[in-house]
Amino acid sequence: MALIRCDFSSEALELGTSMTVLLPERAGAQIGLTGHDTGAPPPVLYLLHGLTDDDTAWTRYTSIERYAAERGLAVVMPQVHRSFYADEAYGARFWTYLSEELPAVVSSFFRVSTRREDTFVAGLSMGGYGAFKWALREPERFAAAASLSGALDLAYISQWDKRPHMAALIARVFAGRPVAGTGDDLLHLLATSGGDLPRLLLRCGTGDHLVAQNERFVAACREHNVAIDAAFGPGAHEWGYWDAQIRTVLDWLPLKNRAKAS
C-alpha cells in the first residue's frame with residue numbers, strides 16, 4: 001500500500017487541511033506490456049475519525065493499512081476536527097467540505113472508483129455518526145455504511161449532555177438551533193428516508209457509554225423498516241475494540257468480485 005499524507009487548500013473550509021490516504025499497489029497482472037496500468041480503479045472507503053482524533057488516528061492505532069492491502073481497497077481519511085461533520089455556526093463548513101468538495105478532490109488527486117457499488121463510508125464515535133449521516137443524506141453515493149461505537153443520537157446529546165466541554169461544543173457548532181427533526185438528526189433521517197438506502201452495519205460494545213444511543217438507532221431502524229446488520233458484545237470505547245471491528249466491517253463490504261491483492 002502507498003501511505004500518503006496529503007496537505008491541500010480547501011475552498012469550502014477557507015483554510016489548509018489534510019487527509020491521509022491508503023492506495024493499493026498494483027499487482028503485476030494488472031500492468032500491461034506497455035507498462036501502463038490496465039486494471040480498474042480500486043474501490044474506496046471513506047473512513048471517518050472521532051471527536052478527539054484527526055486524519056492520522058486510524059493508521060496510528062489500528063492495522064487498517066494491512067487490512068485494506070489484503071482487499072485491494074483504497075482508504076480516504078479526512079480531517080474535520082471537532083465539527084460533528086456539520087457546517088459550524090461559528091467555524092467552518094465541514095459538512096459542505098465532506099459531502100461536496102472532498103469527493104471531487106479525491107477524484108482529481110487519485111485514481112479510485114467513483115461508482116456507487118465501489119464506494120463505502122465508515123467511522124467510529126463521532127465518525128460513526130458522520131458515516132451514517134452522509135449515507136442517509138446521500139444514499140445514491142454509497143453501497144454500504146458502517147458505524148462503530150457511534151454517537152448516533154445527536155439530538156439527545158445537544159439537549160441533555162450538560163458536561164461543560166460538550167455544551168460548549170454544541171453551542172459552537174449549532175449556536176442554539178435545534179438538532180431534532182433536522183438533517184443532523186439521524187433518527188429523523190431514518191423516519192424520512194426513502195429510496196434505495198445503502199447497506200448499514202452497526203457495532204457497539206456493551207461497556208460503551210454510547211450503547212444506549214446505538215440501541216435507540218437500531219430500534220428506529222426496525223420501526224421504519226430499514227435493514228441493518230447490528231450486533232452488541234463485550235467492548236468499550238477504545239482502540240482495541242475498533243481495531244477488531246474494522247476487520248468485521250471490511251469483511252462485510254461487498255467486495256466479492258474483486259480478488260484480494262497478492
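Hydrogens, waters and symmetry mates play no part in the numbers below; they use all other heavy atoms, side chains included.
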Closest heavy-atom pair, H49 versus P78, reported as atoms and distance to 0.1 Å, is CD2-O, 3.2 Å
Distance col, row Q245:CD vs L250:CG, nearest 0.5 angstrom, shows 11.0 Å
*E101 and T96 side chains, donor-acceptor separation under 3.5 Å*: no
Indicate whether any N or O donor in one side chain lies under 3.5 Å from an N or O acceptor in the other, for T62 and W239.
no
Check: C204 main-chain N/O paired with Y241 side-chain donor or acceptor under 3.5 Å: yes
Nearest heavy-atom contact between S113 and D118 is OG-OD2, 2.8 Å
By salt bridge (charged side-chain N to carboxylate O under 4.0 Å, His left out), D153 pairs with (sequence neighbours left out) R216
>> Between D55 and T20, do the side chains contain a donor N or O and an acceptor N or O under 3.5 Å apart?
In response: yes
Closest non-hydrogen contact found for S149 with L210 is O-CD1, 3.4 Å
For L187 and E223: C-alpha separation, side-chain torsions, deciding distance, then whether side-chain contact (heavy atoms from CB on, under 4.5 Å) applies. CA-CA 10 Å; L187 303 188; E223 178 184 355; over 6 Å; no
Any carboxylate oxygen within less than 4.0 angstrom of a Lys/Arg side-chain nitrogen, looking at D184 and R177? yes
Item checked: Close side-chain approach of P43 to L255, heavy-atom, < 4.5 Å -> yes
Cluster check L124, L51: I/L/V/M/F/W/Y, side chain < 4.5 angstrom
no
In terms of heavy-atom contacts, I170 and I157 come closest through CD1-CG2, 4.4 Å
_Test of understanding: clusters of I, L, V, M, F, W, Y form through side-chain heavy atoms closer than 4.5 Å, transitively. Do I64 and V121 belong to the same one?_
no
CG (N225) and CG (L190) are apart, to the nearest 0.5 Å, by 11.0 Å
Set out, in order, the CA-CA distance, both residues' side-chain angles and the distance that settles side-chain contact (heavy atoms from CB on, under 4.5 Å) for L15 and S10, then state yes or no. CA-CA 6 Å; L15 51 77; S10 164; 5.5 Å; no
- Message: Are D161 and Y156 packed together at the side-chain level, in the sense that at least one heavy-atom pair is separated by less than 4.5 angstrom?
- Response: no
Q.
I'd like to know if D53 and R82 make a salt bridge, using a cut-off of under 4.0 Å between side-chain N and carboxylate O.
A. no
**Message:** For a quick check under 3.5 Å, do T182 and H188 share a side-chain donor-acceptor pair by atom type?
**Reply:** no
Test item: N214 side-chain N/O and G150 main-chain N/O as donor-acceptor pair under 3.5 Å: yes
- Task: Would you check if there is a donor-acceptor pair between the side chains of Y67 and R247 at a distance under 3.5 Å?
- Result: yes
Side chains of M19 and V105: does their closest heavy-atom pair fall under 4.5 Å? yes
Side-chain (W58) to main-chain (L48) donor-acceptor, under 3.5 angstrom
yes
Are Y85 and L200 linked, directly or through intermediate hydrophobic residues, by side-chain heavy-atom contacts shorter than 4.5 Å (ILVMFWY only)?
yes
| Which class fits the ring pair Y97 and F94: parallel under 30°, tilted 30 to 60°, perpendicular over 60°? | perpendicular
Checklist entry - Can you say whether the rings of W134 and W95 are parallel (under 30°), tilted (30 to 60°) or perpendicular (over 60°)? => result perpendicular
Checklist entry - Can you check whether V80's main-chain N or O pairs, donor with acceptor, with S83's side chain at less than 3.5 Å? => result yes
### Query
Going through the checks in order, is the side-chain contact (heavy atoms from CB on, under 4.5 Å) test met by T248 and I246?
CA-CA 5 Å; T248 299; I246 194 61; over 6 Å; no
Around atom CZ of R222, are there more than 12 heavy atoms of other residues, nucleotides or ligands at under 6.0 Å?
no
dist L22:CG -> E65:CD (nearest 0.5 Å) comes out at 5.5 Å
One should read off an interatomic distance between S99 OG and R141 CZ, to the nearest 0.5 angstrom, of 7.0 Å
ask   = Taking C-beta and beyond as the side chain, do L102 and Y46 meet within less than 4.5 Å on heavy atoms?
value = yes
request  = For D243 and S63, indicate whether the former's side chain and the latter's backbone hold a donor-acceptor pair under 3.5 Å.
outcome  = yes
Here the gap from L197 atom CG to L136 atom CG, rounded to the nearest 0.5 Å, amounts to 6.0 Å
| Considering only heavy atoms from C-beta outward, does the side chain of F110 approach that of V76 to under 4.5 Å? | no
Correct closest heavy-atom pair for L253 and L73 would be CD1-CD2, 4.2 Å
TODO: Go through D229 and R199 one step at a time and tell me if the salt bridge (Lys or Arg N to Asp or Glu O under 4.0 Å) criterion holds.
DONE: CA-CA 8 Å; D229 181 336; R199 297 174 61 196; 5.8 Å; no
**OP:** For H224 and S193, run side chain to side chain donor-acceptor pair (under 3.5 Å): C-alpha distance rounded to whole Å, both residues' side-chain angles, the deciding distance at 0.1 Å, then the answer.
**Re:** CA-CA 9 Å; H224 300 296; S193 63; over 6 Å; no
Separation between CG (L202) and CG (L148), nearest 0.5 Å, reads 8.0 Å
Problem set entry | More than 12 heavy atoms of other groups within 6.0 Å of E11 CD | no
Correct closest heavy-atom pair for A131 and A146 would be CB-O, 3.6 Å
inquiry  = More than 12 heavy atoms of other residues, nucleotides or ligands under 6.0 Å from CD of E140: yes or no?
reply    = yes
Checklist entry - If two hydrophobic side chains count as joined below 4.5 Å and joins carry through other members, does Y61 share a cluster with M1? => result yes
Subject >> Any donor-acceptor pair under 3.5 Å from Q79 side chain to S18 backbone >> reply: no
| said: Donor-acceptor pair, distance only, cut-off 3.5 Å: does the side chain of Y90 make one with the backbone of A175? | reply: no
Next on the checklist: Please confirm whether the ring centroid of F84 lies under 6.0 Å from the ring centroid of Y129.
Outcome noted: yes
Tell me, with the steps shown, if E88 and R93 meet salt bridge (Lys or Arg N to Asp or Glu O under 4.0 Å).
CA-CA 6 Å; E88 298 175 315; R93 298 186 300 153; over 6 Å; no
Q. Can you get from F109 to M77 by hopping between Ile, Leu, Val, Met, Phe, Trp and Tyr side chains that sit under 4.5 Å apart?
A. no
**Prompt:** Within a strict 4.5 Å, meaning less than it, do heavy atoms of the H237 and W242 side chains meet?
**Reply:** yes
In L47, L45, V249, the residue satisfying side-chain contact (heavy atoms from CB on, under 4.5 Å) with F120 is L45
